[in-house]
Amino acid sequence: MAPHGFGRGCRLTGGLSAGRSLRVRRFMEGVSLWMAMLLVLFVQPLYAEANTGNEDSAGVLHFVDGKGQWQEPALVLGSDFDVRVSGLIADSKLVRTFKNTSDDWREGVFVFPLPEKASVYGLTMKIGERTIVGEVQPREEARKTYETARDAGRHAATVEQQRPNLFTTRVANIPPGAEVSVELNYQQLVSYRDGVFELSVPTTLTPRYMPGEPLAVAPQQWQGGWAVPTTEVLDANAISPFTVDVDDVAAGSHRASVRFTIDAGLALANVSSPSHPVVTQQDGQVFTVEPQVGEVVMNRDFVLRWQAFAGQEPEAAVFHQRWADEDYLLAMVVPGRAGKTRLPRELTFVIDTSGSMAGESIRQAREALQLGLETLAPGDRFNVIQFNSQPHALFMQSEMATANNLARARQYVSGLSADGGTEMAPALTMALQSQRAAGRLVAASSESDLAPRVRQVVFMTDGAVGNESALFDQIRRQLGDQRLFTVAIGSAPNMHFMREAARWGRGSYTSVQDPTDISGPLAKLFAAMEAPVLTDIKVSWQGQSASALEDSFPRRPGDLFQGEPLLLVVRGVSPAGELSVSGRLPGGGMWQQRLDLQQAASGTGLNRYWAREKIDSLLDDARVQAQEPQKAKITQLAVEHNLMSPYTSFVAVDKTPVRAPESALLKDNLPTLLPAGSQPGMVRYPQTATFAPLLIALGLLGLMFSAAITLLQRRAYP
């Protein structure tokens with residue numbers, strides 16, 4: 001019986017298997033046919049996209065060959081920085097050279113960074129022996145002037161501001177085989193902190209994250225980036241130049257010569273660079289500094305530092321300039337170091353773990369955060385928030401800095417990696433609002449926690465975002481009685497965001513430039529965070545009129561942290577009498593210092609620095625009052641002082657046409673280089689309409705139809 005019963009079981013099992021196989025096969029047939037139909041619907045828009053052409057994209061297609069592969073731009077870019085430092089002002093001459101290696105006439109477009117707070121005041125275009133000096137015009141007028149000259153076949157150049165530290169140069173009608181140079185003049189204030197002067201020359205930028213939903217708008221003639229406009233960043237494709245690897249450009253392109261001449265007005269102990277090896281020559285008190293390798297690759301900021309001999313650090317300095325029948329004064333006051341009166345702190349560390357931080361940046365950020373954890377004392381409370389596409393907190397609320405909690409935090413930080421978007425706004429909300437909530441909870445928890453706490457947020461990021469203005473508004477609205485400090489990470493951070501976020505957050509900022517010395521700048525920042533040197537600062541210029549009071553900046557000085565100077569600029573006050581600065585020390589005592597204005601040294605460029613501060617003040621007032629900026633007033637100021645601004649641009653035009661009307665003009669949107677230490681995934685090539693997506697979709701469609709036909713054949717001929 002056993003063999004017979006076994007045979008019945010086999011037949012039953014075989015019948016069940018055949019029925020199940022038939023159902024599976026029919027299911028696969030249905031899925032294949034549905035997938036094929038979906039691919040048919042998908043192919044149509046791809047075909048349409050691959051055949052869509054417009055005037056703007058035609059000038060970009062030469063970056064990609066028929067196989068969709070990257071090709072070098074036709075223009076070779078060279079840069080020369082000549083920086084001259086006198087006292088606190090650095091005056092720079094930047095010459096960009098565009099060499100046309102093709103047989104066609106070219107228009108070059110290059111988006112590039114400048115130092116934050118840079119005041120651009122001159123533009124000169126050179127073609128062979130010809131020199132054309134540019135002028136400041138209202139932004140829209142400058143665009144029309146440039147476009148008219150370009151279309152008429154004349155040499156033309158224009159520079160306009162996209163962000164306070166991001167600009168666009170356009171050069172029209174570069175002849176085949178020829179080169180055109182554009183000279184840009186700008187000035188900036190030298191940074192000073194803890195006895196160290198610092199100056200930065202940006203050469204590239206980290207690709208910025210563009211939050212918001214894409215807008216369904218046609219490309220603008222003046223835009224040609226890898227990003228598209230979004231609901232939160234309307235000019236996204238004007239601030240997103242293609243970012244490529246150094247091997248993707250010609251061997252001689254995107255290189256820069258850099259030269260610094262430093263006359264600090266005092267004897268210097270040393271001059272060094274945390275970013276590049278340098279060669280230094282000294283003639284009396286004047287130093288000349290150049291990179292050891294000659295030309296440098298434009299893939300990281302060039303940072304230079306110098307320091308006075310011990311005991312000769314400036315405690316105060318005053319400079320005077322007479323310009324257009326007006327007096328301008330610039331004063332620097334450095335308060336002495338105050339004794340530490342340390343209060344318990346409520347400290348929240350926020351670390352950027354988005355994709356732009358991948359590589360060397362996330363390693364620096366992890367190390368920086370670990371150093372921050374070491375500064376916590378037993379009476380402090382803390383939390384750690386990481387963010388990319390969304391924020392995540394280590395603790396539900398801030399916890400006491402116990403050995404166990406710190407060990408958990410160190411383990412958490414060491415496991416962080418970088419990926420995803422840079423959604424900063426939710427992270428700021430979590431950090432600033434949780435601080436206030438935690439403060440209320442702690443105040444009600446126990447008698448031992450009733451001591452006042454200093455609530456601080458440390459924000460570690462590369463600042464690679466396009467919606468800076470909205471984030472500054474958010475910081476102002478949500479800050480309360482807290483302080484926000486920023487730590488710039490990476491070889492090309494967005495220093496405009498770092499500086500302004502700290503300013504609106506009533507804190508301070510620092511930058512990690514040397515991967516081998518992360519602890520140096522952070523130790524100074526964390527030491528300063530323990531207690532400000534001065535609060536309730538008041539400034540009085542002797543003989544200052546009511547009108548001059550409106551022309552004194554900053555109008556409301558913030559807290560001064562250890563090692564930081566107070567910089568003051570005023571128009572309409574003669575170099576006579578005294579400047580009085582007073583403030584409250586951490587222990588409650590008063591501090592005051594008086595400067596004799598008659599001892600002011602001669603200065604240059606003070607009018608431009610004052611005008612920049614005035615324009616920034618008008619923009620700040622509009623932001624705080626939620627109103628439109630006074631465009632007419634800002635434009636008038638910029639034109640009067642020959643400055644670039646959000647509403648003015650420089651334009652230079654030759655009078656003689658050089659390109660015949662029948663000769664085509666092709667556009668080169670020149671790329672920037674991927675910042676050193678970034679992951680290859682941060683490369684941003686041009687978005688062009690090639691047939692590659694269409695061919696891939698057609699291949700998949702063919703495979704799906706083949707699978708369906710095979711299944712049907714097996715069904716008909718089992």
Side-chain angles (χ1 to χ4, degrees), residues 84-91 117-119 121 185-193 195 197 199 261-268 284-286 308 312-336 534 537-558 560 564-583 591-618 636-638 640-643:
R84 298 180 179 273
V85 178
S86 178
L88 294 176
I89 299 289
D91 197 284
K117 294 286 187 180
S119 299
Y121 66 89
N185 300 100
Y186 67 90
Q187 73 173 43
Q188 67 189 105
L189 205 64
V190 176
S191 171
Y192 177 80
R193 188 176 193 174
F197 296 89
L199 198 62
T261 304
I262 305 171
D263 184 2
L266 46 84
L268 300 182
Q285 291 189 353
V286 178
Q312 296 188 28
E313 297 90 346
E315 295 181 358
V318 186
F319 300 88
H320 169 256
Q321 179 189 14
R322 182 78 177 174
W323 184 84
D325 295 327
E326 290 275 10
D327 288 300
Y328 294 84
L329 291 171
L330 173 67
M332 180 181 76
V333 180
V334 185
L534 284 180
I537 298 175
K538 294 181 175 57
V539 177
S540 174
W541 299 87
Q542 186 168 326
Q544 185 178 33
S545 63
S547 61
L549 185 63
E550 291 295 313
D551 289 339
S552 174
F553 303 101
R555 290 180 182 170
R556 296 173 293 276
L560 272 190
E564 286 189 340
L566 174 62
L567 291 168
L568 305 160
V569 64
V570 65
R571 181 181 74 168
V573 174
S574 61
E578 291 183 331
L579 165 65
S580 173
V581 181
S582 62
W591 174 92
Q592 186 176 37
Q593 184 168 350
R594 296 180 181 275
L595 298 180
D596 185 357
L597 299 181
Q598 296 182 25
Q599 301 299 317
S602 177
T604 59
L606 304 191
N607 67 301
R608 289 190 286 267
Y609 178 69
W610 173 87
R612 173 60 56 196
E613 291 294 305
K614 178 73 171 181
I615 290 172
D616 289 346
S617 176
L618 292 171
Q636 179 184 354
L637 267 170
E640 178 184 345
H641 292 268
N642 207 46
L643 288 177

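- Here the side chains of P554 and L568 are in contact, with some heavy-atom distance below 4.5 Å.
- Residues satisfying the ring pair (Phe, Tyr, Trp, His ring centres under 6.0 Å) test with Y121, not counting sequence neighbours, are none.
- Note that OH of Y609 is 11.5 Å distant from CD of Q188, once rounded to the nearest 0.5 Å.
- Looking at L560 and V333, their side chains never come closer than 4.5 Å, going by heavy atoms from C-beta outward.
- Taking both residues in full, the closest heavy atoms of H320 and A600 are given as CB-CB, 3.9 Å, listed atom of the first, atom of the second, then distance.
- The aromatic rings of H641 and W323 lie parallel to each other, their planes meeting at an angle below 30°, with 60° marking the opposite boundary.
- Using a 4.5 Å heavy-atom cutoff, the side chains of D91 and R608 are in contact.
- Put simply, CD on Q593 and OG on S580 are 9.5 Å apart, with the number rounded to the nearest 0.5 Å.
- Interatomic distance, CH2 of W610 versus CD1 of I615, reported as 8.5 Å (0.5 Å rounding).
- For E315, the CD atom is loosely surrounded, since the number of other residues' heavy atoms within 6.0 Å does not exceed 12.
- Shortest non-hydrogen contact noted between F319 and G603 is CB-CA, 4.5 Å.
- At a threshold of 4.5 Å between non-hydrogen side-chain atoms, the residues D616 and F553 do not count as touching.
- Taking a 6.0 Å sphere around CD of Q636, one finds it holds 12 or fewer heavy atoms contributed by other residues, nucleotides or ligands.
- Scanning both residues, A316 and L595, for their nearest heavy atoms gives CB-CD2, 3.2 Å.
- K614 has its side chain within reach of D551: a pair of non-hydrogen atoms, C-beta onward, lies under 4.5 Å apart.
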Derivation of the side chain to side chain contact (heavy atoms under 4.5 Å, CB included) call for L88 and L567: CA-CA 10 Å; L88 294 176; L567 291 168; 4.1 Å; yes

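- A donor-acceptor pair under 3.5 Å links the side-chain atoms of Q321 to the main chain of L606, judged by distance alone.
- The shortest side-chain heavy-atom distance between Q542 and L597 does not fall under the 4.5 Å cut-off.
- Heavy-atom minimum distance, G577 versus Q598: N-NE2, 4.1 Å.
- Using a 4.5 Å heavy-atom threshold, the side chains of L189 and L330 count as touching.
- Residue L534 comes nearest to G583 through the heavy atom pair CD2-C, 3.8 Å, listed as atom of the first residue, atom of the second, then distance.
- Listed by chain and residue number, nothing satisfies the ring pair (Phe, Tyr, Trp, His ring centres under 6.0 Å) test with W591 (two or more places apart in sequence, or in another chain).
- Looking at Q187, its side chain never comes within 3.5 Å of a backbone N or O of I89 through a donor-acceptor pair.
- Closest of all the heavy-atom pairs between P575 and D327 is CD-OD1, 4.1 Å.
- In this structure, OG in S191 is found 9.5 Å from CZ in F197, a value given to the nearest 0.5 Å.
- V570 places none of its side-chain heavy atoms less than 4.5 Å from the side chain of L579.
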